[in-house]
Amino acid sequence: MNRIIFALDVYDYNEALNLSKELSNDVFAIKVNWPLVMNNGISIVKEISRYSNVICDFKIADIDNTNRLITEKARENNAWGIITHSFTGRRSLKAVVSAAGDMKVFSLVSMSQESFIDNYTDDLIKMSMEENVYGLVAPGNRIDILRHIRSMSGDLKIIAPGIGAQGGSITDAIMAGADYVIIGRSIYSDPEPLKKVKSLNEILGDD
Ligand code: O7M
């Protein structure tokens, strides 16, 4: 089982495709964020989906109708999952879940940096569970918060950024309850990204 979600935060088309092909067998999913989509268009999601599960990290944070329009575009382009904010409230979250169809919806309930969202994390978890999301985004570098979120979130999958470049430890995050860790710079800035992924998988005891 692979527990790494690779954060493909690059601009360049060829670099993105080459990294996707190279790493796809050794990661659980590839997370695509605005920098890549802004430079290449949404169709890059479909292209990468030929190699790996793709999670569209669009951190959707708008009214219900706009959330629906964004979610539909990710779905049309074969995304496996989509990440949405939840602080915008139930109506907005419902719109994402309903437009997502078979796509997995991950709701962000706490960030890897301190933010005002920290004041509402418990409410956001409860609402996300009531709205039947598939998983939550929780900080892998703020271990007490991650542990608390794990304790409140039942069977929901937790995906956790903040490992490596932001100071978090991959083993601490998994021990605190993350199902998957999101890792970007520590992999794509390494001179040998595949070797790096394999060594992280070894630390986790994953092949
Ligand atoms: O490993 P890094 O620090 O290079 O990359 C971390 C990735 O996780 C990067 O794509 C961020 O946008 C994302 N992320 C955070 O770093 N912190 C958060 O609180 C939330 C996310 C995220 O993935 O949200 C879904």
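As a basis for the values below, the full set of heavy atoms in this structure was taken, side chains included, without hydrogen atoms, waters or symmetry mates. Just follow the structure's listing: the first ligand is 1, and inside any ligand the first atom is 1.
- Here Y134 and F106 bring their ring centres to under 6.0 angstrom of each other.
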Step-by-step side-chain contact (heavy atoms from CB on, under 4.5 Å) determination, H148 to S151: CA-CA 5 Å; H148 171 71; S151 75; 4.2 Å; yes
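- Summarising the local packing, CG of N119 is surrounded by more than 12 heavy atoms from other residues, nucleotides or ligands at distances under 6.0 Å.
- Taking the six-membered ring for Trp, F28 and W80 have ring centres closer than 6.0 Å.
- When T71, D64, N65, T66 are each tested for a side-chain hydrogen bond (donor to acceptor under 3.5 Å, both in side chains) with R68, only one passes: N65.
- Judged by distance alone, the side chain of R142 and the main-chain N or O of M111 form a donor-acceptor pair under 3.5 Å.
- Within 4.0 Å of ligand 1, contacts by protein heavy atoms are made from A7, D9, K31, N33, D57, K59, I83, L108, M111, S112, V137, P161, I163, Q166, I182, I183, G184, R185.
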